[in-house]
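Below is one structure, written out as structure tokens; the observations come after it.
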Amino acid sequence: MTDLRTGLGEAVGAAFADLGLPADLGRVTASDRPDLADFQSNGALAAAKRAGKNPREIAAAVAEVLKADPRLASVEIAGPGFINLKVADAALASRADEIAADPRAGGELVAVPRRVLVDYGGPNVAKPMHVGHLRSSIIGESIKRLYRFRGDVVVGDAHFGDWGYQMGLLIGAVTDETPAIAAEVARLNAAADLPADWQRLEPEAFQAIELADLDRLYPEAAAKGKADPAYRDRARKLTAELQAKKPGAYLLWRRFAKVTQAALERDFHALGVDFDLWKGESDVDHLIEPMVRELDEKGLLVEDQGARIVRVAREGDKRELPPLLVVSSEGSAMYGTTDLATILDRRQTFDPELVIYCVDQRQADHFEIVFRAAYLAGYATEGQLEHIGFGTMNGADGKPFKTREGGVLKLNDLIEMARSKARERLHEAGLGEDLPAEEFEDIAGKVAVAALKFADLQNFRGTSYVFDLDRFTSFEGKTGPYLLYQAVRVKSLLRKAEGEAAEPGPVTVTEPAERDLVLTLDAFDAALTEAYDKKAPNAVAEHAYRLAQSFSKFYAACPILIAEPPVRASRLTLARAVLRQLEQALDVLGIAVPDRM
Ligand code: ARG
């Protein structure tokens with residue numbers, strides 16, 4: 001199935017070819033002047049330039065050929081040689097029937113599906129989340145869904161940050177605070193009689209540690225580590241002990257990771273973000289030693305002031321890229337080391353053809369360094385690893401958003417804040433108030449998520465934007481709640497039709513609002529393709545908004561339930577197609593629609 005734009009592009013291309021001109025000049029785009037035409041081709045201008053001819057003459061010749069195409073109501077030449085195309089009502093109607101019958105709502109599959117891994121979210125044990133993690137989660141989730149919808153085999157991995165220096169800091173802080181835990185760590189470290197599967201033990205003394213303890217202790221420890229070299233050295237030593245799997249340090253760390261992951265999974269789920277894999281940096285620990293050996297054998301490893309590095313600078317680099325730090329002078333694996341080993345791990349377990357790292361733009365150099373090292377080592381081929389960065393979500397002060405209490409962005413707090421605003425908005429609009437309390441809560445949750453996600457995804461990811469919950473949660477304007485409201489409106493219309501036993505039927509197109517709606521429905525695949533190619537979900541967000549607007553105009557101009565049966569049947573089919581496509585587009589954005597409000 002092809003959309004009108006593609007189908008007409010082929011016809012225009014064939015017309016060019018008929019005249020001995022290159023067929024690829026036939027590309028067709030949506031018209032710049034929707035009042036005059038539906039589509040346009042600018043190919044005659046380029047053709048004329050190449051052949052040294054008059055563009056209007058070429059356009060006229062092409063138009064002559066196209067006039068025979070039954071899909072076109074008119075073909076006109078405008079300005080210096082644009083070819084303006086107006087689609088026949090019957091062609092629009094049959095395209096609408098096609099979309100309405102398509103479970104994919106007009107969204108095509110890629111020709112050759114790939115195995116794609118999306119690395120996103122990237123939360124850390126203990127270290128608080130910041131807006132970078134939030135945006136990564138929202139954008140990454142959408143890219144995962146988009147790629148999956150297009151037919152790729154996609155795995156989303158949180159790449160949990162659980163193996164770095166912050167773990168040493170935390171082990172220090174927790175043992176300092178609670179002597180009983182310190183004693184248990186020491187006992188385990190020294191124990192000679194641990195069972196073979198000791199890594200699965202859950203020592204009693206560690207069970208009292210909760211996420212709140214880590215949240216409380218970490219900021220202090222991090223600050224001390226910055227100020228006090230001795231404290232920092234000890235944290236580094238403890239990190240090395242952990243990485244050497246000393247039982248006390250290791251089992252304490254297991255407790256940290258467990259309580260953190262449980263809380264994060266719950267909070268992410270509330271945001272409609274669900275990872276297929278919760279693999280962490282620690283999961284590739286066993287690969288590091290052989291990897292370091294291999295890097296050495298390949299002659300890539302260089303000694304540098306007690307550390308071991310891989311140089312990745314290339315001739316012609318505009319600025320000097322630092323080397324990849326593989327083993328620190330304390331003997332620890334670093335952030336880049338685990339990333340490199342993770343490339344190996346993924347190759348062994350999933351063998352992705354493409355890995356998309358959806359991480360804060362500020363880590364662009366980090367990824368460039370890791371990728372280059374991976375290419376040098378032969379762990380991936382150029383182009384297989386791709387970092388897609390993004391800007392920040394800022395506060396009113398123009399700096400990265402922080403909660404009122406300062407500093408820490410707790411996902412849970414953010415969602416709660418959005419939820420309470422959503423409740424307020426629903427009350428203001430008189431929505432959902434007659435529904436059972438539990439359902440109202442569910443709706444408020446969906447409105448909150450739609451507000452946060454749509455506000456983020458409607459911008460190109462590279463753009464920074466300002467956090468403004470009042471605006472995000474409004475039911476008017478270009479917002480998530482507006483889209484939910486429109487989708488719910490269609491649902492309730494369709495329920496009503498069902499109640500009146502009004503059946504959908506073949507589409508006929510007569511009114512301008514119907515034409516516009518079908519053309520918008522037809523543009524879905526182009527939006528998906530753009531989003532996919534540019535890894536830019538904002539194209540889908542834009543389409544969802546246009547579709548909702550187009551439906552709204554149609555609904556105002558074209559009575560449905562009170563129309564004559566054949567017209568009513570046609571309009572019900574259109575409404576059904578709109579709902580399916582809108583829900584699909586929102587699903588790609590990670591936004592779920594309630595049944596009613
Ligand atoms: N945990 C990291 C951080 O908080 C983000 C991880 C991103 N993914 C990766 N493969 N490095 O900065």
Side-chain angles (χ1 to χ4, degrees), residues 116-141 143-144 155-170 214-215 218-219 222 239 253 256-257 260-261 263-265 267-268 273 275-285 287-288 291 312 324-326 332-347 349-350 352 354-374 379-380 384-393 400-401 407-411 461 535:
V116 180
L117 191 136
V118 185
D119 178 316
Y120 70 109
N124 299 305
V125 173
K127 270 205 268 186
M129 300 237 304
H130 52 69
V131 293
H133 298 106
L134 177 75
R135 290 211 70 192
S136 169
S137 311
I138 292 177
I139 299 167
E141 178 73 22
I143 286 183
K144 179 187 78 180
V155 167
D157 182 359
H159 199 70
F160 199 26
D162 62 358
W163 208 232
Y165 162 71
Q166 89 264 26
M167 303 315 315
L169 273 174
L170 213 53
L214 308 184
D215 285 349
Y218 178 74
T239 308
W253 163 84
F256 298 166
T260 308
Q261 184 177 334
L264 284 171
E265 275 190 61
D267 293 347
F268 275 117
V273 172
F275 302 98
D276 305 298
L277 293 177
W278 268 95
K279 279 206 165 182
E281 296 163 354
S282 66
D283 285 303
V284 297
D285 186 61
L287 295 172
I288 290 177
M291 179 180 85
V312 299
L324 177 75
L325 179 51
V326 182
S332 292
M334 309 304 285
Y335 182 43
T337 321
T338 48
D339 257 328
L340 192 60
T342 300
I343 292 171
L344 277 176
D345 181 49
R346 287 172 178 163
R347 197 173 65 169
T349 52
F350 179 56
L354 175 67
V355 183
I356 298 174
Y357 295 79
C358 185
V359 187
D360 211 319
Q361 186 57 30
R362 288 172 291 190
Q363 293 196 25
D365 278 358
H366 164 77
F367 286 109
E368 184 60 28
I369 293 166
V370 170
F371 295 173
R372 285 188 186 188
Y379 296 165
Q384 237 180 353
L385 309 169
E386 196 177 337
H387 169 229
I388 61 161
F390 43 81
T392 51
M393 177 176 90
F401 174 80
V408 191
L409 170 85
K410 292 243 188 65
L411 193 48
R461 58 183 156 76
K535 301 176 177 78

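Just follow the structure's listing: the first ligand is 1, and inside any ligand the first atom is 1. One-based numbering along the sequence shown.
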Which residue supplies the protein heavy atom nearest to atom 8 (N) of ligand 1, what is that atom called, and how far is it?
D119 OD1, 3.0 Å
So which bit of Y335 gets within less than 4.0 Å of ligand 1, heavy atoms only: side chain, backbone, both or neither?
side chain
Can you find a non-hydrogen atom of Y120 under 4.0 Å from ligand 1?
no
Within a strict 4.5 Å, meaning less than it, do heavy atoms of the D285 and W163 side chains meet?
yes
So CZ of F367 and CD of E386: to nearest 0.5 Å the spacing works out to 12.0 Å
Proximal atoms of ligand 1 relative to V359 (non-hydrogen, under 4.0 Å):
7 (C), 8 (N)
Strictly under 6.0 Å, is that where the ring centroids of F371 and H387 end up?
no
Which residue holds the protein heavy atom closest to atom 12 (O) of ligand 1, what is that atom called, and what is the gap in Å?
Q363 NE2, 2.8 Å
I need the L264 CG to N124 CG distance, nearest 0.5 Å.
9.0 Å
Only one of W278, F275, Y120 passes ring pair (Phe, Tyr, Trp, His ring centres under 6.0 Å) with F160; say which it is.
W278
With the side chain counted from C-beta on, respond yes when T342 and K279 share a heavy-atom pair under 4.5 Å apart, and no when they do not.
no
If I take atom OH from residue Y335 and atom CD from residue Q363, how far apart are they, to the nearest 0.5 angstrom?
3.5 Å
If you count the atoms of ligand 1 from 1 in the order shown, which ones are under 4.0 Å from a heavy atom of Y357?
10 (N)
For H159, check ring pair (Phe, Tyr, Trp, His ring centres under 6.0 Å) against everything at least two apart and list the hits.
none
Can you list the atoms of ligand 1 that are under 4.0 Å from a heavy atom of H133?
3 (C), 4 (O)
Below 3.5 angstrom, do we get any N/O pair linking P123 and ligand 1?
no
Nearest-neighbour protein heavy atom for atom 1 (N) of ligand 1, which is reported as residue plus atom name and distance
N124 OD1, 2.7 Å
Does ligand 1 have any atom sitting under 4.0 Å from a heavy atom of F367?
yes
Logged contact type for D339 with ligand 1, heavy-atom cut-off 4.0 Å, is side chain
